[in-house]
Undergrad: 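Got a structure for you, written out below as structure tokens; questions coming shortly.
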Amino acid sequence: MSPIHPLDPLTADEIGAAAALVKAQPGVTERWRFASIDLKEPRKQALSNPERPPAREAEIVGWNREDGAAFKGVVSLTEERVLSWNPLLPGEHPPMTPDEFHEIDAVLRNEPGVVEALNKRGVTDMDLVLFDTWAYGAELVPERYRGRRIAWADVWHRNSPDANPYANMLAGLHPIVDLNAMELLELEDRDPGPPPRIMGEYAPGVVPGLTLRDDVKQLDITQPDGPSFTLDGHLLKWQKWSMRLGFNYREGLVIHTLAYNDRDKTRKVAHRLSFAEMVVPYRDPTPDHYRRTAFDIGEWGLGLMTTSLELGCDCLGEITYLDAVLHDSRGEPHTVKNAICIHEEDDGVLWKHVDDHTGADTRRMRRLVVSFHATVANYEYLVYWRFYQDGNIQCEVRATGLMVTTPFADGAPPFGTVIDNRTYAPFHQHFIVARLDLDVDGEANTVYAAEAAPVPTGPDNPHGLALTQKLTRLRSESEGIQDYDWARQRTWKVLNDNVANGLGAPVGYKLEASAAIPALIDPNSPVVRRARAIEHTLWVTPYNRDERWPCGEFPNLSVEDSGLPVWTARDRSIENTDVVLWYVFGINHVTRPEDWPVMPVDTVSFWLKPVGFFDRNPALDVPGHDPAHPHV
Ligand SMILES: [Cu+2]
């Protein structure tokens, strides 16, 4: 075992020790719950001297179920003491916890009023019922329940124990619950009319008349000599790339201290890459859906929703797994086995030319893939960070799982697509905010908007074909708020003006704005007020260790986005300094019949690519198929 590195996630022992320190505080009783116990990451400067590692600290959010009083604090694991323990601000609520999801399910299925409502609809076997609890935005909470730890739920019914749990929404039936009192506050019960007859099954055993294809031959991926990467603790090295892997309850996988070894020099590319928020508003104002906006990271936590990966299904080939250590709401640690998958893939041709004299020169591309999968109730998000031999970095997200669908009585609402008999799937969007703390050859970076600029026809351009590139230096946070511009093919270059490449130009990486989606929503709507971050493709801030959550630290039951719009209102300088890019991308999910009853992956990605970081193609040294014959 290698010693703990300052960026390693908390171990089970550390989580237990952190919880014990808080529980020993006066007034912290059995009625307390913990939403998060996470590494308080050291400042960048504190990492510079490996001889003197910074103290291990944990950040904890907990609350008292008795009165709802919530606190946040920091404990020193090195000194074994509580450093701070302060109340949250009014209106701030700790995120939802998986334990509450399960506890309220147990309450609801034994609640006489709920059982009676289900019986009225012909549902008598409670084992076939799923209570799916969602968080609220504060503005949509009924006045009489304001200030409570309140949530609402859908009720779903499966046809048999093996059947799709999300096939049949019991439309119109929505418990409203208090998660501190763990009680039903009221039951919305509207008559949706008779349920439609549908085929909502995806598992072979329950899909009627399904014949599996018989022309799929075996496909094996083997690496008899093992993979070309090494993993030492959380330090991952592959060819010229190196990085440290982190993991936490909220973001899931984190890529730390990413560097590329260039001619025996370790050149930093990024200090930290992660997903900081995900906002999923359903764009359907009908009674079953108007509250349905999920903050899958801020309310629920991608880390807490991370599931174990299975060899041969989730990952194919020579796989190395890393476990993740998380905790429950009582502060007890537990391990998610095989939470992170590391492997390398063949990815087709890297470069090629066929010469009349020397023949073909072809190099095959390899990529290193670090991935994790999160199941957020009905939906799955599969996240892949990919590192390429030519310095490219790709971040891909695959959305799959089970859509929210709803029966209708007569006339499909225009806010979705009909996907089965009298059943529609509401339109919705998945906005993901990636937090990209790039440090291109050091911290002093500047972001430039780069646009294709066609030159008007004139004496110097008589045929009207000239094209130039326009670079706009983004000097302050207000200038750093950027939108994608298809007409100008806008990208963003992160340049280090203090380091020149061999051509005399500043070294850099660019962010290619693929998968950017516009908000397409009234800026005054309650959803946007909670998630102003989704209104733009890119935000740029100067690095601040405490600025982590673009829609605010506590989106659960929030009114306003207290993250990016508040920080950037100061309009700080972002020139020649340590910048953080916040990239908003995702899926504008106009639902399809083909997404039913289980959705084939919908794939989106964005790229970070070197621009002048190298002087020429850095992958000339990738060996060919047969090194004895260099042109083969
Ligand atoms: Cu979707």
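Counting convention: from 1, in listed order, for ligands and their atoms alike. Note that the coordinates shown come from a computational prediction; the quantities given were computed from them, not determined experimentally. Values below: every heavy atom of this structure, side chains too, minus hydrogens, waters and symmetry copies.
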Undergrad: Between the side chains of Asp284 and Tyr424, does any donor sit under 3.5 Å from an acceptor?
TA: yes
Undergrad: Any idea how many protein N, O or S atoms are nearer than 2.8 Å to the Cu ion (ligand 1)?
TA: 4
Undergrad: Using a cut-off of 6.0 Å, state whether more than 12 heavy atoms not belonging to Glu310 lie near its atom CD.
TA: no
Undergrad: Would the Tyr249 and Trp300 ring centres measure less than 6.0 Å apart?
TA: no
Undergrad: Tell me whether the NZ or CZ atom of Arg149 lies within the 45° cone about the ring axis of Trp63 and under 6.0 Å from its centre.
TA: yes
Undergrad: Can we say Glu396 and Arg398 salt-bridge, meaning some charged N sits less than 4.0 Å from an Asp/Glu carboxylate O?
TA: yes
Undergrad: Is a salt bridge present between Arg490 and Asp483, judged by a nitrogen-to-oxygen distance below 4.0 Å?
TA: no
